[in-house]
Every structure is written in structure tokens, then in C-alpha cells.
Amino acid sequence: MKRILLCLLLFTAIACSTNRDKPISENSPGPITLVIHGGAGTIKRENMTPEREAAYHAALQQALDSGYTVLEKGGKSLDAVIAAIKVMEDSPLFNAGKGAVFNSEGKNELDASIMDGSNLMAGAVAGVTTIKNPITAAYAVMTKSEHVMMIGDGAEKFAREQNLEIVDPSYFFDSLRYKQWIKAKQAEKDRTAAWIDPYTKDKKFGTVGAVALDQFGNIAAGTSTGGMTNKKYGRVGDAPIIGAGTYADNTSCGVSATGWGEYFIRLAVAHDISSLKKYAGLTLQEAADSVVMKKVPSLGGDGGIIALDRQGNVSMTFNTEGMYRGYIKKRGEGKTFIYKD
Ligand code: ASP
């Protein structure tokens, strides 16, 4: 009897050990994927010139290429996210870094965050006005401080100490964004419908974000923005809030959001998608649909998300007319999109 029991125990032990997930090692690299967004909103074909459309596709491709190159060389998902976001922060086409929207005082106040899905480490900055690439400051907060979020002057002082690139606030100026702000100001004065509902009438969101999966099976997500046109001084949106605009967890997925930030904060959108996948057993797409297509609009908000899981499943889900977006899984096969169809 004892012998039979021993045999049974041995058999179970062997069965268990062979059932274990194979660790993703450098000898057997896993799939790599990068997904990005450049903001959601009322992006209509009739308002777009062919030149502008081509410029958006080119900028998105450049961001994909930059991030993918990191992944392809065996780099980390965090570095891929930073590389992709920096391209979009440097482009005036997007509402992040150069070309950020103006707040009600005519200033550019920037927010950004990043999260490492392998250990749930995160970093964020909010309301910064002189850091050229806020995503690098978010990363520095995560890796070089004991904090998760730093704001305003303190974040800028820290960025200087970390030798990040500092610019004069005028660097962020873009004439198109300035005109948008003047229009929003006028609407506010006139108390028109566009003021009462400023963001749904002139939805020129343009926040940027990236989610990457590296060959080690690690997911990272990041988001960077100038916020919303004519926002009140000191207003902070969802982009730098971990769980709202950004979340990453290897055991679930990575998410970066864009849209009407107040709603995304109240619904903890990025974390909710991750939780629905992790605890309720929904697929990535079901989780994204449940939050972006049902919960956000039911409160009156709008916007979109990009998400990615460890199997390389991608979701680019939005309830607006368009979202600048793209993904890449293989060299030369990067795809970029603007409209719903
Ligand atoms: N979510 C951003 C914010 O509320 C805006 C955007 O996505 O464009 O600050």
C-alpha cells in the first residue's frame, strides 16, 4: 500500500513539473508587439486634407518603427514605449510635448506616466512646463525616486537633477493649437454650446500612448499629453493617473487611454480593463468593449484605449469618430489607422 502511495506521489510531482509554463528565456524569445495611439476625437475625413492625413500616417509609422526597433534588438518593453512616445511628443501633430494644447492661462501644462507590467512599478509627472519629453521624466520618477508621481516645480527640479532635457516653455508652442485655444476662449466668453460642452464640440484630443510586449514576456504602457484645450490651470487629467490613463500588469494586460480625462479617472478605465480580464475572465477585447463602449459613454464621456496582452492580442477600441493608432508585430508590417472604418 505504501509503495502504491509513493508511486502516486512521484507521478503527480512529475506531471506537475512538466505542466508548468515554460519560462520565456533569451534562448526561446517570445513574440514582440507594439501598439500606439495619437489621440481619439472627432477626426472626420471631410476635415482632413490628403497632406495632413499622410503626415499623421507617417508620424505614426515613425513612432512604430522607433519602438519596434528597440523590441527587435531584444530591448525592453519600457524602452520601446519611451522610444515610440518620444517620437510623438516631438511631433507638433499630437497633443503631447511640442504641439500640446493651451490651458485657460495660455500655457502648456504637460502630464505623463509609465508602468512596468513585470513588477507593477510606475512613474508619473503632472503639470510640467519645461521638460521636453515628459515621458522620460515619468520614467525617471519610477526608476530614480521612491515615488510614483511628482508635479509642477518639484517634478521639474527633479528632471533637472536627472539631467533630462529642459526647454523654454515657448518650445511647446504650435500656432494651430493656439488658434484652437483662442476659439475655445471666445466660446467661453460667449457662453455658447461649445463652451458648455467644450470637449465634445471641438474634440481635438491628441494625447499619445504606447503599450509594448517584449521578447521576455514583459508588458509596459505609457501615456503623455497636454491635457484638454482651455483646461483650468492646475487641472490634471487621466493620462498621469496610474489606473486611469495607464496600467500594465504582465498577468493581465497593458492599457493606455485617450479621451475626456475626468470620466476616465472616475471609472479607473485602464485598471478596470485589466481587472475585467484578470478576475472576470473576459478576453482583452471584451474587457475593452465593456469599459470603452458601455461604461464611459453611459456616464457621458468619450474616448478610446489601446491594450495588449502577453499573448500579443491587441485592442484599439474607441467610441469617437476616429483615433490615430497603429500596431506592429513583424518588421515591415506596421499598420496605421485614423478613422473608424
Ligand atoms: N485624456 C486627456 C486628458 O483628459 C486628453 C486626451 O486624451 O486627449 O487630459
Side-chain angles (χ1 to χ4, degrees), residues 36-43 56 60 85 88-89 91-104 107-114 124-129 134-135 138 149 151-152 172 174 176-177 180-181 184 197-211 221-247 255-273 291-292 295-297 299-307 316-325 338:
I36 59 169
H37 71 77
T42 306
I43 308 163
Y56 271 108
L60 289 168
I85 288 183
M88 294 186 280
E89 284 181 337
S91 164
L93 290 175
F94 305 101
N95 169 22
K98 186 160 182 63
V101 298
F102 289 82
N103 74 2
S104 63
K107 288 185 188 155
N108 308 111
E109 283 184 341
L110 313 171
D111 304 333
S113 68
I114 193 160
V125 292
V128 296
T129 58
I135 193 69
M149 182 182 240
I151 61 160
F172 298 107
D174 175 70
L176 200 97
R177 297 287 184 211
Q180 275 172 12
W181 175 59
D197 198 1
Y199 311 121
T200 46
K201 291 286 174 279
D202 188 15
K203 286 181 272 189
K204 297 273 188 333
F205 303 150
T207 291
V208 307
V211 187
T223 312
S224 180
T225 189
M228 297 183 98
T229 303
N230 208 31
K231 66 184 180 182
K232 272 254 183 307
Y233 33 84
R235 177 263 190 189
V236 175
D238 60 313
I241 310 284
I242 297 301
T246 302
Y247 201 72
V255 181
S256 169
T258 170
W260 196 339
E262 279 69 12
Y263 292 88
F264 281 62
I265 294 174
R266 290 162 59 196
L267 285 165
V269 162
H271 188 264
D272 197 27
I273 292 172
V291 179
V292 177
K295 293 185 185 186
V296 172
L299 285 193
D302 60 357
I305 61 97
I306 51 167
M316 303 184 290
T317 305
F318 53 99
N319 57 39
T320 50
E321 300 201 35
M323 181 167 84
Y324 301 108
R325 63 202 188 276
I338 297 178

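As the structure lists them, so they are numbered: ligands from 1, and atoms in each ligand from 1. In this chain, residues are counted from 1 in sequence order.
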May I ask whether Gly259 has any heavy atom positioned less than 4.0 angstrom from an atom of ligand 1? yes
Considering all heavy atoms, the nearest Pro297-Val292 contact: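 For Pro297 and Val292, the tightest heavy-atom pair comes out as CD-O, 3.1 Å.
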To check you understand the geometry: which heavy-atom pair defines the closest contact between Glu89 and Ser224, and what is its length? OE2-OG, 2.6 Å
Enumerated ligand 1 atoms positioned under 4.0 Å from heavy atoms of [X]:
X: Gly227; value: 5 (C), 9 (O)
X: Asp238; value: 1 (N), 2 (C), 3 (C), 4 (O)
X: Gly206; value: 8 (O)
X: Thr258; value: 6 (C), 7 (O), 8 (O)

Any carboxylate oxygen within less than 4.0 angstrom of a Lys/Arg side-chain nitrogen, looking at Arg235 and Glu262?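 The answer is yes: the pair qualifies as a salt bridge.
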Evaluate [X] for polar contact with ligand 1, using N/O atom pairs at a separation under 3.5 Å.
X: Thr225; result: no
X: Trp260; result: no
X: Arg235; result: yes
X: Gly261; result: yes
X: Glu262; result: no

With sequence neighbours excluded, tell me which residues meet ring pair (Phe, Tyr, Trp, His ring centres under 6.0 Å) with Tyr56. Phe94, Tyr324
Applying side chain to side chain contact (heavy atoms under 4.5 Å, CB included), can you list everything that pairs with Ala221, at least two apart in sequence or on another chain? Val211, Thr246, Ala248
Can you tell if the side chain of Met323 reaches within under 4.5 Å of the side chain of Met316, non-hydrogen atoms only?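 The answer is yes; the side chains approach within 4.5 Å.
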Name the residue from Thr207, Val208, Ile241, Ile306 that meets the side-chain contact (heavy atoms from CB on, under 4.5 Å) definition with Thr223.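 So the option named by the test is Thr207.
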